[in-house]
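For clarity, every value in this text was computed on a predicted model and none was experimentally measured. We number each residue from 1, following the sequence as shown.
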Amino acid sequence: MHMADALLSPAVGGTFWAATVGAIAWCAKKVQQELNDRKVPLMGVLGAFVFAAQMINFTIPGTGSSGHIGGGMLLAILLGPQAAFLTIASVLVVQALFFADGGLLALGCNIFNLGFFPCFLAYPLLYKPLAGNGQNHRRIAAGAILAAVVGLQLGAVAVVAETVLSGISALPLQTFLWAMLPIHLAIGLVEGAVTATVVLFVRQARPEILDCAIGGQPPTARPIAKLLAGLAAAAVFTGGVLSWFASTFPDGLEWSIEQVRGKKELAAPAEGIHGMLAGFQEKIALLPDYAFTIGEQKAIGETVAHRAGPPAWPAVDAGTSVAGLVGGSLTLLLTLGLALLFRKRRAIA
């Protein structure tokens, strides 16, 4: 559900940039009060894992579409909403800057859509009441699935609203909405199942992590090196190997645009802020579309490469593996850097 700049006007994109920066500043202030030696590395490793997991699009049967997890709900459950928002923001910044996944003008919208709704609406209003004290596995699973679905549906509605308010793509409100909601319902169910599986794994291995995130219990002094190592190994394997098995079908947003306009990619204006940001993104993107792009022109801000003939599956590609490992490492470093900066500022204050 990464929006491209072609969907947004500068006014709408700028407004959500401002809203997202404000939310990040507020979250940073809140996180300063609760960071500890165990939460800092957990933020970094979970950020790397979510980056890798987002590389794997899964096919939605019978639709010709695919989807990937957003990760905001998973992060909120394991880290708490404020730390989760900062972590998902780090993931999306790395994706946009170094892999041209999502436009730069759209970055504020993407962070807001994939972070605000799951972290600050679905998590406290749905997951926490349903999961209760976090002791019942069935309640945890039910809460994770329902909250993930609702969070993604709210994000899908926001994408439609931001696009229609921008008024540059000629995508009609009702038609676009009716394409977006059903496909993201299916994606949300899969994300909910993945979220529940990971949360239950953590619950089994280190239940105090969930207790700390859910009920405000003091952080444990027990080391979490084994859990961090397991999550890091999962991130490496997911980004380096499982990413080869990503679905070749367009994702839910691209599929929805195709249902409305007959094509899954829209051209952004070549002049003004759109052209300037596209040129900048093209210069700084290390591995556009998470692959080596020798002799291949890329549409910046979009995620589908145009190649002759049907794409191979699984796509065993060194470029994809390198992108997964580099992207996960950059996300880890960015998230750790931000967390350590907040801790330093707290110590000075």
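Of all heavy-atom pairs between T331 and A48, the closest is CG2-N, 4.0 Å. Across L78 and L42, no two heavy atoms sit closer than the pair O-CD2, 4.2 Å. Considering every non-hydrogen atom in both P250 and E258, the closest pair reads CG-OE1, 4.2 Å. In this structure, T335 and S90 approach most closely via the heavy-atom pair OG1-CB, 3.4 Å. The two residues C109 and M3 make their nearest non-hydrogen contact at CB-SD, 4.0 Å. The shortest non-hydrogen separation linking L97 to I284 is O-CG1, 3.3 Å.
Of the possible donor and acceptor atoms, one in the side chain of K39 sits under 3.5 Å from a partner among the backbone N and O of L79. Between the side chain of E191 and the backbone N or O of L74 there is no donor-acceptor pair closer than 3.5 Å. Q281 places a side-chain N or O within 3.5 Å of a backbone atom of A96 that can act as its donor or acceptor partner. The backbone N or O of L8 sits less than 3.5 Å from a side-chain atom of H274, completing a donor-acceptor pair. A donor-acceptor pair is defined here as one N or O able to donate and one able to accept, closer than 3.5 Å; such a pair exists between the side chain of D251 and the backbone of L253. Using modelled atom types, one side-chain atom of R139 and one backbone atom of P129 make a donor-acceptor pair closer than 3.5 Å. A donor-acceptor contact shorter than 3.5 Å links the side chain of R261 to the backbone of S169. Not one N or O on the side chain of T59 forms a donor-acceptor pair closer than 3.5 Å with the backbone of P61. A donor-acceptor pair under 3.5 Å is formed between the side chain of S66 and the backbone N or O of F249. With T20 contributing its side chain and W17 its backbone, the two residues share no donor-acceptor pair below 3.5 Å.
Between F58 and V190, the closest side-chain pair of non-hydrogen atoms falls below 4.5 Å. Looking only at side-chain heavy atoms (C-beta outward), V241 and S321 stay at 4.5 Å or farther from each other. Under the 4.5 Å side-chain criterion, counting only non-hydrogen atoms from C-beta, L227 is in contact with I209. The closest side-chain heavy-atom distance from H68 to H2 is below 4.5 Å. No side-chain heavy atom of T248 sits less than 4.5 Å from a side-chain heavy atom of N57. You'll find the side chain of P118 stays beyond 4.5 Å of the side chain of Y123, heavy atoms only. At a threshold of 4.5 Å between non-hydrogen side-chain atoms, the residues L105 and M276 do not count as touching. Side-chain contact between L75 and C119: absent, with no pair of heavy atoms (C-beta onward) separated by less than 4.5 Å.
In this structure F120 satisfies the ring pair (Phe, Tyr, Trp, His ring centres under 6.0 Å) test together with W26, F85, F116, sequence neighbours excluded.
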Steps toward side-chain contact (heavy atoms from CB on, under 4.5 Å) verdict (L266, L171): CA-CA 10 Å; L266 302 178; L171 290 169; 4.1 Å; yes

If you apply the rule side-chain contact (heavy atoms from CB on, under 4.5 Å), what do you find for F245 with I56, and how did you get there? CA-CA 7 Å; F245 297 86; I56 305 177; 5.8 Å; no

Test log, rule side-chain contact (heavy atoms from CB on, under 4.5 Å), inputs F117 and V157: CA-CA 11 Å; F117 295 112; V157 171; over 6 Å; no

Using the side-chain contact (heavy atoms from CB on, under 4.5 Å) rule, take L336 and M43 through it: C-alpha gap first, then chi angles, then the decisive distance, then the call. CA-CA 7 Å; L336 288 178; M43 287 175 63; 6.0 Å; no

Side chain to side chain donor-acceptor pair (under 3.5 Å) assessment of E162 paired with N113: CA-CA 10 Å; E162 292 152 5; N113 298 341; 3.0 Å; yes

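Note that CG of L242 is 4.5 Å distant from CZ of F237, once rounded to the nearest 0.5 Å. The CG atom of L92 sits 11.0 Å away from atom OG1 of T87, with the distance rounded to the nearest 0.5 Å. In this structure, CG on L287 lies 6.0 Å from CZ on F292, to the nearest 0.5 angstrom. Here the CD1-CG distance, from I140 to L210, works out to 6.0 Å after rounding to the nearest 0.5 Å. Atom OG in S9 sits 6.5 Å away from atom CD1 in I168 (nearest 0.5 Å). One finds the CD atom of Q259 at 8.5 Å from the OG1 atom of T63 (value rounded to the nearest 0.5 Å).
Less than 6.0 angstrom separates the ring centroid of F99 from the ring centroid of F51.
Think of L185 as one node in a network of Ile, Leu, Val, Met, Phe, Trp and Tyr side chains linked at under 4.5 Å; its network also takes in I145, V149, L189. In the hydrophobic clustering (ILVMFWY side chains linked at under 4.5 Å, chained through shared members), W178 stands by itself.
Inspection of the Q95 and N110 side chains reveals no N or O donor paired with an N or O acceptor under 3.5 Å.
By the rule that hydrophobic residues join a cluster once side-chain heavy atoms approach within less than 4.5 Å of another member, F201 and V236 end up as members of separate clusters. No single ILVMFWY cluster, assembled from side-chain heavy atoms under 4.5 Å apart, contains both L333 and V326. Hydrophobic clustering (ILVMFWY, side-chain heavy atoms < 4.5 Å, transitive): V93 and L325 are in distinct clusters.
Heavy atoms of other residues, nucleotides or ligands lying less than 6.0 angstrom from CH2 of W255 number more than 12.
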